[in-house]
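Naming convention: chains lettered A, B, ... in sequence-line order (proteins, then strands); numbering from 1 in each chain.
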2 protein chains.
Amino acid sequence: MVAPRVVLSPRPRSGCVAWARGPGPGAADSRKRETVGLVARMVGIKDVARQAGVSVGTVSNVINRPEMVAEETRTRVQAVIAQLGYVRSESARHLRAGRSRIIALLVLDMANPFFADVASGAERAAREEGLGVMLCNSAQSPAEEADYLSLFAEQRVRGVLVTPVDTSGRNLADFRRHDIPYVVVDRVLDSADEGCSVSVDDVTGGSLAARHLLAQGHRELVYVSGPMHLSQCRDRHTGALAALSEAGLPHTALRRIEGERLDVAAGRDAGARLLGMTPRPTAVFCANDLLALGVLQALFAAGVSVPGEIALVGYDDIEFAAAAAVPLTSVRQPAFRMGRAAADLLIEETGEAAAGHRHQRIVLQPELVVRDSSISAPRH
Amino acid sequence: MVAPRVVLSPRPRSGCVAWARGPGPGAADSRKRETVGLVARMVGIKDVARQAGVSVGTVSNVINRPEMVAEETRTRVQAVIAQLGYVRSESARHLRAGRSRIIALLVLDMANPFFADVASGAERAAREEGLGVMLCNSAQSPAEEADYLSLFAEQRVRGVLVTPVDTSGRNLADFRRHDIPYVVVDRVLDSADEGCSVSVDDVTGGSLAARHLLAQGHRELVYVSGPMHLSQCRDRHTGALAALSEAGLPHTALRRIEGERLDVAAGRDAGARLLGMTPRPTAVFCANDLLALGVLQALFAAGVSVPGEIALVGYDDIEFAAAAAVPLTSVRQPAFRMGRAAADLLIEETGEAAAGHRHQRIVLQPELVVRDSSISAPRH
DNA sequence: ACGGCTTCGTGAATCGTTTCATCGCCGGAA
DNA sequence: TTCCGGCGATGAAACGATTCACGAAGCCGT
């Protein structure tokens, strides 16, 4: 680790630190705690009331039920609000209302474009309801996950969308006692979890990919996988096997390379192993686009043509799948829709009609996006 | 837009909707507002106090200044806290304390791995201070940016890290009146903004890239740029020109292709235009890795060898730069450090020692990461 | 025995908002 | 004139925590 090369430009400027904002000229303010310190006092509903010559209740009404306050008063109050730059305090509202206007989204890996899409979907749904989203990253660490969950509990978040780190759901089970609703995203818990979940049908996804390769005339496939204890990897494998059976081929027609991780480096390793296999495979299905990109890199470096000598299919359809040197055929996960659906479920569960809510497990269907990397007769 | 194919599994289960949690057997609770409704009442500090037979003040002390309460009492209270699963309400604390424990981070594009790294850096710094991070995405839209900024004002967040959408800083100027500190990330505002900022020296970055290509023996470069009204694109261009001058070459040795956007599709277009240029260029520097990946794709499709016939350098060193078929030489932005530095500045500005805070403009230095795409004699 | 000190705990005030019972006022009906 | 209804506005009571000025013991020394 090199020391960071940092260029500092101090710029003292006008020394704007934080200034006291007094009660204003002519305002006979009898508070004992004057704003003597360095901290500026926020303008509150009381300031507006005083300045407009009405009671705080009236100001509150102007904001929340403008129709029930006289036209004349309303405009006057609104003018003062604008003039003073009053912004209501969400904390105080929350305290009084008993429910917050924030939902939390805890993902496994913020750098993964897939989760970025999930987040966008959730964000959209939330914003339509006027809710804020707090996006956090557990980075696959159970400890961080636990930390964040207790942060959410302290915040009395309206609800949580979470991709649990461990399928056992230990942290979530602990979290349950807070009575904060949550929706599990992109996973279905093993245990008898009673909550909602939204996930994608990985078995179908696996068979979409395999079926496509078989349709291109290949009679034998290789599945490049991550750890098989992940349900994702297992299910996609299952789907591929199913596709073989459909085509009347034995399960032995599917060879498997299992790596430790689901990233590009693991893909490179797998690519090297592919090249060493005899007979050399002609069709490869990867559990993940990152793996596929790694494989592609290894094949390219070895001068093996894709799809000419080896056809390649990935999974996830991340943005960079289309950006690869040979655009990558991939199974697209409806990430945006998943986030959206999860947030909608949560909103329903925590909304007015919560009484009518029944927990659901929504399973979305993936779709195959065919690009150059898998088709027998390369375009152009 | 096709209708989403959704498979619904309703699973009525045990109809766990939300249950009332009564005051518990033996607890003579005389509140008027019983939990008659469907909504479960959160256990508060008062419940703990009653159950433990102490006053609320004492419970508060157990939590916040455990050393000043007698051993015996403390353990008793702690036991009750654990038993009841009490979690303090951050809203109430915030209301009383006047300052929240959340900082906001507003980025241009969550799907961009660069910002994901910035976010990680900020998150790390925040968590070390026990602060929560609220990550939001303005998606380059000034309207969304404004929405989020007012959300932050309502939340009375401790401070904001923001990558402004427009350099004019209109929204930020409006935001200033709330007296919420902010740090500008990855941009320096044109106007006389008094706040802190953290950015990367793009001029240096541009000249690093160009110098490297010149060192490989090229005497003429093409700069594939996005819109030149973006300071990023301009500065990198400036840096490249400086490198040419250093090498004693005229500015005409740098041709420029300017696209509308900074994405892969724009890169593909640029790649096509590159192939039509005469004389055909031998060295290309892209304002962005996405552009470079697009160029790479176009060149690959046309059968042009990289770096054999054309050397290519990108900018940002996103994760996928290394994952490209020909690993991409790129100028790495210290994204993580940038997020970290920005959050540190904000924490300093809003912390105990805020009085000693002076606004700073930190400029971090980029570094060149050399990979296969630019070196004259390809590895392997 | 009594003042003074330390050690622990108490209870009320406070933060900024929403909500709700209440009140003043005006016009119309009896 | 009196009474009533309705419209608008009011003020106080929550919400859940923190803080702080006090008070109640217990202990010591003189």
Side-chain angles (χ1 to χ4, degrees), chain A residues 29-35 37 39-77 80-81 84-101 153-156 178, chain B residues 30-35 37 39-50 52-77 81 84 86-101 153-156 178:
Chain A
D29 191 273
S30 64
R31 292 157 157 282
K32 260 180 295 187
R33 193 180 71 77
E34 218 52 82
T35 56
V39 132
R41 193 172 55 81
M42 273 281 172
V43 23
I45 203 172
K46 285 208 277 257
D47 304 282
V48 176
R50 188 164 4 104
Q51 184 90 1
V54 295
S55 72
V56 291
T58 302
V59 177
S60 177
N61 282 335
V62 166
I63 296 168
N64 302 304
R65 306 116 99 160
E67 72 286 355
M68 66 174 298
V69 47
E71 168 89 29
E72 198 264 341
T73 319
R74 191 192 328 148
T75 51
R76 179 157 41 98
V77 171
V80 175
I81 287 179
L84 262 50
Y86 165 71
V87 181
R88 63 185 173 193
S89 153
E90 186 49 41
S91 286
R93 301 186 80 198
H94 168 196
L95 179 58
R96 175 67 228 237
R99 57 194 342 234
S100 86
R101 306 192 59 76
E154 287 197 354
Q155 300 281 349
R156 300 285 197 274
H178 299 307
Chain B
S30 64
R31 292 157 157 282
K32 263 182 293 187
R33 194 178 72 74
E34 218 54 80
T35 57
V39 133
R41 192 172 55 80
M42 273 283 171
V43 23
I45 202 173
K46 286 206 276 258
D47 304 284
V48 176
R50 189 166 0 107
V54 295
S55 72
V56 291
T58 302
V59 178
S60 176
N61 282 335
V62 167
I63 296 168
N64 301 306
R65 306 117 99 158
E67 73 286 357
M68 66 174 295
V69 47
E71 167 90 28
E72 198 262 341
T73 320
R74 192 194 328 147
T75 51
R76 180 157 41 100
V77 171
I81 287 179
L84 261 47
Y86 166 70
V87 180
R88 64 187 172 190
S89 154
E90 187 46 42
S91 287
R93 301 187 79 200
H94 168 196
L95 180 59
R96 178 66 229 246
R99 57 195 342 235
S100 88
R101 306 193 58 75
E154 287 197 356
Q155 301 281 349
R156 300 283 197 276
H178 298 307

Report task. Determine: side-chain N/O of B/Thr58 to OP1/OP2 of C/dT10, distance under 4.0 Å, yes or no. Result -> yes

**Report entry** Nearest non-hydrogen partners of B/Ser55 and B/Ala49, listed with the distance
**Finding:** C-CB, 3.8 Å

Query - Those residues of residues 59-71 of chain A lying under 4.0 Å from DNA chain C by at least one heavy atom - result: A/Ser60, A/Asn64, A/Arg65

Requested in this report: Could you check whether A/Val87 gets within reach of a base, just the sugar-phosphate, or nothing at all, counting any heavy atom under 4.0 Å?
Outcome: sugar-phosphate

Query raised in the report: Rounded to whole angstrom units, what separation is found between the OH atom of A/Tyr86 and the C1' atom of C/dG16?
Result: 7 Å

Requested in this report: Send over the distance from B/Arg50 CZ to C/dT10 P, rounded to a whole Å.
Outcome: 15 Å

Requested in this report: Would you mind reading off the distance between A/Lys46 atom NZ and C/dT17 atom C1', rounded to a whole angstrom?
Outcome: 9 Å

Query raised in the report: Taking DNA chain C as the partner, which of residues 90-100 of chain A come within under 4.0 angstrom of it by heavy atom?
Result: A/Ala92, A/Arg93, A/Arg96

Requested in this report: Measure the distance from CD1 on A/Ile45 to C1' on D/dA12 and round it to the nearest whole Å.
Outcome: 14 Å

**Report entry** Residue of the set A/Ile63, A/Val62, A/Val69 for which side chain to side chain contact (heavy atoms under 4.5 Å, CB included) holds with A/Val77
**Finding:** A/Val62

Report task. Using whole Å, report how far CE of A/Met42 lies from P of C/dT17. Result -> 10 Å

**Report entry** Listed nucleotide nearest any side-chain atom of A/Val56, set D/dA17, C/dT18, D/dT18
**Finding:** C/dT18

Query raised in the report: Nearest 0.5 Å, what's the CE-NE2 distance between A/Met42 and B/His178?
Result: 8.0 Å

Query - A/Pro66 versus A/Arg74, closest heavy-atom pair with distance - result: O-NE, 3.2 Å

**Report entry** B/Glu67: salt bridge (charged side-chain N to carboxylate O under 4.0 Å, His left out) partners, not counting sequence neighbours
**Finding:** none

Report task. Please determine which of A/Ile81, A/Asn64, A/Val48 meets the side chain to side chain contact (heavy atoms under 4.5 Å, CB included) test together with A/Arg88. Result -> A/Asn64

Query raised in the report: Any idea which heavy atoms bring A/Val43 and A/Gly85 closest together, and the distance?
Result: CG1-O, 4.3 Å

Report task. Starting from the 5' end of DNA chain C, give me the residue, A/Gly57 or B/Gly53, whose nearest nucleotide shows up first. Result -> B/Gly53

**Report entry** Side-chain N or O of B/Ser55 closer than 4.0 Å to phosphate OP1/OP2 of C/dT10
**Finding:** yes

**Report entry** Nearest heavy-atom neighbours spanning A/His94 and A/Gln155
**Finding:** CE1-O, 3.5 Å

Query raised in the report: Can you tell me how far P of C/dT7 sits from CD of B/Glu72, to the nearest Å?
Result: 18 Å

